[in-house]
2 protein chains.
Amino acid sequence: MNKTWILKKRPVGDVGEGDLDLVESPVRDLNDGEVCLRTIYLSLDPTNRIWMSDREQYMPPVQIGDPMRGGGISVVEESRFDGLKAGDIVNTGLGQWSLYQVKPGAEVNKLPELPGVPLTAFMGPIGMTGMTAYFGLMDIGKPKPGETVVVSAAAGAVGSMVGQIAKIQGCRVVGIAGSDDKCKWLTETAGFDAAINYKKEDVGAALDRHCPNGIDINFENVGGEIMDTILMRLNDFARMPLCGLISSYNATEPVPGPYNFSMLLMRHVTLKGFIVTDYSERFPEGMQAMAGWLMEGKLKFETDVVEGLENAPSSLDRLFTGKNLGKLVVQVSEPN
Amino acid sequence: MNKTWILKKRPVGDVGEGDLDLVESPVRDLNDGEVCLRTIYLSLDPTNRIWMSDREQYMPPVQIGDPMRGGGISVVEESRFDGLKAGDIVNTGLGQWSLYQVKPGAEVNKLPELPGVPLTAFMGPIGMTGMTAYFGLMDIGKPKPGETVVVSAAAGAVGSMVGQIAKIQGCRVVGIAGSDDKCKWLTETAGFDAAINYKKEDVGAALDRHCPNGIDINFENVGGEIMDTILMRLNDFARMPLCGLISSYNATEPVPGPYNFSMLLMRHVTLKGFIVTDYSERFPEGMQAMAGWLMEGKLKFETDVVEGLENAPSSLDRLFTGKNLGKLVVQVSEPN
């Protein structure tokens with residue numbers, strides 16, 4: 001029997017009990033070219049919350065009554081696709097919040113075996129969050145040695161990679177995060193030059209202290225007041241990869257844009273909104289760079305593992321309350 | 001005797017009587033390398049209002065007690081600079097709101113003589129406003145044939161050029177302006193495909209009607225509600241040259257950014273704030289293109305001429321109330 005989370009109604013504010021239903025159903029038989037996957041890890045990402053809503057978004061939202069959409073890592077249980085066999089570990093691609101799922105074999109990719117690299121890295125540095133960080137920073141941010149990079153949600157899966165890649169590029173890196181523990185991790189483990197706990201510190205004053213030469217790149221994950229504070233400190237010709245606006249995803253009313261929007265004009269800023277799949281064709285380049293740095297020990301990463309498919313909806317909120325350090329995943333089953 | 005507008009205090013809201021003083025003083029003697037210019041035309045631009053304020057801006061504001069800053073066209077009255085002689089007509093460059101001014105000759109450029117082209121064109125299509133339109137659209141907007149371009153403040157000096165250049169590039173062009181007369185000029189004279197009178201029409205509904213394929217380029221001059229309405233209709237990978245935010249320049253309280261800011265993310269938008277001087281090194285390219293089109297009759301332009309230096313401050317408001325069609329200038333003296 002399969003278990004699948006179905007979107008029952010669109011959450012208002014935080015995802016609550018009753019917004020999704022966990023339903024049981026048999027797994028259907030395979031057709032030629034298909035594989036049956038068993039989910040090992042479900043990747044929880046802010047975009048899951050976007051997909052649950054009917055706000056304007058970058059792909060169609062999940063329809064009411066449909067399985068919740070999500071990615072992760074799976075093992076092939078049964079295969080009628082030539083390129084995959086039972087036991088292969090794959091990237092689920094765009095899949096479902098379910099224990100099992102049937103997909104065309106051509107839509108899933110077998111993960112390479114990298115010595116010493118845990119499976120969870122394929123949702124972190126060498127997964128979608130890593131690609132998001134890599135291409136957003138490198139292609140839009142265009143970091144140059146000596147420049148100052150600020151990243152919000154810095155202890156998250158994307159932000160923590162952004163900062164470390166920026167350090168590799170020779171930048172000064174300041175992270176903004178929501179707890180002393182996270183800030184400590186950023187500076188002591190991930191090698192950030194400074195970290196600001198926005199829940200305790202005056203972010204503007206802290207940025208002034210930690211960015212004496214202004215800010216050349218703002219990798220934006222959050223939006224809201226913190227973004228406004230950063231905008232006032234951008235240098236001329238600053239770049240702003242716009243990756244996320246997580247502070248507004250649970251909003252129940254229209255959220256005003258940055259009050260300092262005009263700084264984008266006054267400082268000649270280039271802002272670019274992007275979705276990681278914009279760079280699909282260049283993933284091999286990004287994977288090679290990130291895997292190389294990872295195996296050289298230059299990328300530290302953490303995984304926040306929640307046990308059990310039944311806890312997926314209630315765990316998503318960890319991303320919005322700042323509870324997770326690093327990549328948030330749900331362990332649905334064991335690899336073997 | 002010279003006459004000079006001095007900034008007396010920073011205007012609150014609209015520029016009012018008493019914010020500037022018109023003072024008389026003798027013109028000082030020239031040093032070697034200097035020229036004395038007599039202003040023919042003063043160019044009034046939204047940026048004059050920015051310079052009067054102490055908001056964060058792209059260059060230092062005019063200091064209280066200093067002459068008001070502005071550009072325009074002048075005639076050389078006296079020269080101790082080898083490259084210029086009395087009677088030469090020049091681009092004032094960054095100058096003053098005054099009848100006479102003394103400047104280093106190296107800082108002013110003699111205007112070329114173009115057959116059939118009036119002097120005012122050097123503040124319009126082949127002046128700073130034309131360069132703003134040309135580089136903002138071509139370099140940031142990157143128009144492709146068949147794409148849809150929307151421009152706000154479309155009957156202004158910059159907007160009217162943006163639309164006509166976009167037409168030359170083979171785009172569908174929709175302008176937004178504030179009167180039926182302007183809209184008529186845009187469609188009947190300037191060749192726009194459609195024009196929307198935002199004071200009478202539902203801008204969203206009109207955009208839906210006139211942009212059946214969505215919006216690929218938003219050349220932003222205005223900000224505020226109209227920008228928000230446009231943001232909701234951007235296509236994936238739209239471009240947004242951010243040239244001005246005139247709706248907020250007279251604001252007396254913080255102005256919220258666009259409520260639909262997240263559309264920059266969801267639609268993978270590239271937004272770039274720019275100042276025309278970012279492209280100084282490429283002005284010859286822009287001038288050549290614009291002068292060519294102008295002499296081929298492909299660029300229509302209007303000049304809104306106010307007579308008399310004494311009317312400069314009170315006329316600036318025409319830009320903010322939408323009274324001007326085309327380039328707003330003050331005629332300070334006659335060419336000869």
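Letters go in sequence order (proteins before strands), and every chain restarts at 1.
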Identified side-chain contact (heavy atoms from CB on, under 4.5 Å) partner of A:Pro143 from the options A:Ile217, A:Ile165, A:Val173, A:Val162: A:Ile217
One should read off an interatomic distance between A:Ile215 CD1 and A:Leu234 CG, to the nearest 0.5 angstrom, of 6.0 Å
Exactly one of A:Val222, A:Ile176, A:Val203 should register a side-chain contact (heavy atoms from CB on, under 4.5 Å) with A:Ile230. Which one does? A:Ile176
Using only the distance criterion (under 3.5 Å, no hydrogens considered), which donor-acceptor pairs connect chain B with chain A?
| unit_1 | atom_1 | unit_2 | atom_2 | d |
| --- | --- | --- | --- | --- |
| B:Arg55 | NH2 | A:Ser262 | OG | 3.0 |
| B:Glu56 | OE1 | A:Arg267 | NH2 | 2.4 |
| B:Gln57 | O | A:Arg267 | NH1 | 2.8 |
| B:Gly257 | N | A:Gly257 | O | 3.2 |
| B:Gly257 | N | A:Pro258 | O | 3.0 |
| B:Gly257 | O | A:Gly257 | N | 3.2 |
| B:Pro258 | O | A:Gly257 | N | 3.0 |
| B:Ser262 | OG | A:Arg55 | NH2 | 3.1 |
| B:Arg267 | NH1 | A:Gln57 | O | 2.9 |
| B:Arg267 | NH2 | A:Glu56 | OE1 | 2.4 |
| B:His268 | ND1 | A:Asp278 | OD1 | 2.8 |
| B:His268 | ND1 | A:Asp278 | OD2 | 2.9 |
| B:Val269 | O | A:Gly273 | N | 2.9 |
| B:Thr270 | OG1 | A:Lys272 | NZ | 3.1 |
| B:Leu271 | N | A:Leu271 | O | 2.7 |
| B:Leu271 | O | A:Leu271 | N | 2.7 |
| B:Lys272 | NZ | A:Thr270 | OG1 | 3.1 |
| B:Gly273 | N | A:Val269 | O | 2.8 |
| B:Asp278 | OD1 | A:His268 | ND1 | 2.7 |
| B:Asp278 | OD2 | A:His268 | ND1 | 2.8 |

A:Ile140, part contacting chain B, at a heavy-atom distance under 4.5 Å: neither
Interface moiety of A:Met232 toward chain B, non-hydrogen atoms closer than 4.5 Å: side chain
From B:Met240 atom CE to B:Leu242 atom CG, the distance as rounded to the nearest 0.5 Å: 6.0 Å
Side chains of B:Leu245 and B:Met227 in contact at under 4.5 Å (non-hydrogen atoms): yes
Please report the interatomic distance CG(A:Leu7) to CG(A:Leu20), rounded to the nearest 0.5 Å. 5.0 Å
Rounded to the nearest 0.5 Å, what separation is found between the CE atom of A:Met123 and the CG atom of A:Leu44? 9.5 Å
